[in-house]
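For reference, the structure is listed below as structure tokens.
Convention: sequence-line order gives letters A, B, ...; per-chain numbering from 1.
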Protein chains: 2
Amino acid sequence: MSEIAVGPPDALRSDARRNRERLVEAAGELLALGGIDVSVAEIAARAGVGKGTVFRHYAAKDDLVADVVCAVLERLLAQGRELQMSLTGTDALREFVAEAIQLQANDRAFCEVVAGASVDNVRVSRAIEDFNVLVRDLTNTAVKAGDIRPDVTGADISLLISGIYQTAAPRAATQPELWRRYFVLFWDGLLPVHASPLPVPPAVGVDQF
Amino acid sequence: MSEIAVGPPDALRSDARRNRERLVEAAGELLALGGIDVSVAEIAARAGVGKGTVFRHYAAKDDLVADVVCAVLERLLAQGRELQMSLTGTDALREFVAEAIQLQANDRAFCEVVAGASVDNVRVSRAIEDFNVLVRDLTNTAVKAGDIRPDVTGADISLLISGIYQTAAPRAATQPELWRRYFVLFWDGLLPVHASPLPVPPAVGVDQF
DNA sequence: TCCTAACCTGACCATTCGGTCCGTTTAAGG
DNA sequence: CCTTAAACGGACCGAATGGTCAGGTTAGGA
């Protein structure tokens, strides 16, 4: 058959593709450094592109942000699934949590999204859901292995991943590794050795972290 | 002597004083509910006052915010000093930390300031300094009593007061008491029973939390 | 009652931001 | 080349916000 009208969906002109790549790269750098509130104008300028071009490639700013943040999140998820295979018991969970917190330290936009900043985009919501599922699985495994107090849930860990970093965040500029301190401090509290009964039921809801 | 020209510094006209009170009250409510980003226009409207009146009483928005936040902070400090008198060992510290976190749950502006939001006002910086000093004293007492692992400092606790609430914050709307869960979880990790060595030196700096 | 300084008000200003639009440029097939 | 649809760019728009100011209002002493 001759080629039907439907055509290839991603037939971008060469300059368009190049600009899009530059855009994503620039956005990645600026968002990591300055967080979700960097202006579209800044990103466009850094990409060496007009502001109008941004909106030719993305219907709204949040869609560009989503592209960047989702890429980061998916890379993290891939790492997490590898850890899930290669490590046992609580080790996979602990390593993954550390990975996720480290990432927040390196990427302010990711950090904000993880902390609940609203990005109006379906892909982001879905990626976060996947994240929560992975955390839940890792947590359940660790609990079943008896390495983690049984009254802690995946939802708790999801929140703590963000919270531990937030704890150290005010000092991030001068002590970028401070989060490790609170990571250990918190982890000690998870051990089944003592386990005071936890008040209030576990966190619920998977809509955001 | 007849009254000298220097005059009383706070001789506000009756309407001015009344408006100022209304302003502080309205700001208190709105800031607690909506955080630091509520607009001056909103506050003025709620106080039943023109926007210009706000800037007659405060040179900048941050000065109004400072007035409100400082009042909250100073009330908390007073409570803390009472606890310091009435309770022993780690009890005073634990109760004060709980008080401070509860306050964040009830007042979003306070919460943001505690988490490091910049309010360009000297009084706020000073109040935060006082706060840090109190926390340090309470912590030192608890450590000396042997109730708290000795490698934890007041600066750590200051950060954790904010961090514990931040952990639960994404769920605050539906589970306002969730922070208690992470409070206990974290407190368990402070007990000297296990005490894995903490990596990275303690938090430093008292400029913000 | 009258006068005036203190006070109040809301229209106005400057800035910033996301997003639109249209005249211009350019890739790339024929 | 030449044509044309795709892509570009930046002036422009509307909304929001902190802050200003000229002109009207009022408290309160004389």
Whether Ser162(A) side chain and Ser158(A) backbone form a donor-acceptor pair below 3.5 Å: no

Ala66(A) backbone acceptor or donor facing Asn121(A) side chain under 3.5 Å: no

Between P of dT26(D) and CZ of Arg56(B), the distance in whole Å: 15 Å

Axial cation check for Phe96(B) ring with Arg81(B), 6.0 Å and 45° limits: no

Report all interatomic pairs (protein N or O, nucleotide N or O of nucleotides 20-25 of chain D) with separations under 3.5 Å.
none

Asp156(B) side chain to Thr153(B) backbone, donor-acceptor under 3.5 Å: yes

Whole-Å distance separating the OH atom of Tyr58(B) from the P atom of dC7(C): 14 Å

Modelled atom types, side-chain donor and acceptor of Asn19(B) and Thr53(B), under 3.5 Å: no

Asp63(A) side-chain N/O to Ala60(A) backbone N/O, donor-acceptor pair under 3.5 Å: yes

CA sep, side-chain torsions, deciding dist, call: Tyr165(B), Phe110(B), ring-ring contact (aromatic ring centres under 6.0 Å, His included): CA-CA 12 Å; Tyr165(B) 180 70; Phe110(B) 172 76; 9.7 Å; no

Any donor-acceptor pair under 3.5 Å from Thr139(A) side chain to Val135(A) backbone: yes

Side-chain N,O (His57(A)) to OP1/OP2 (dC8(D)) below 4.0 Å: yes

Interatomic distance where CG belongs to Asp15(A) and C1' belongs to dA7(D) [whole Å]: 6 Å

Distance in angstrom units between Arg17(B) CZ and dA6(C) P, rounded: 16 Å

Neighbours of DNA chain C within residues 18-49 of chain B, by heavy-atom distance under 4.0 Å: Asn19(B), Val49(B)

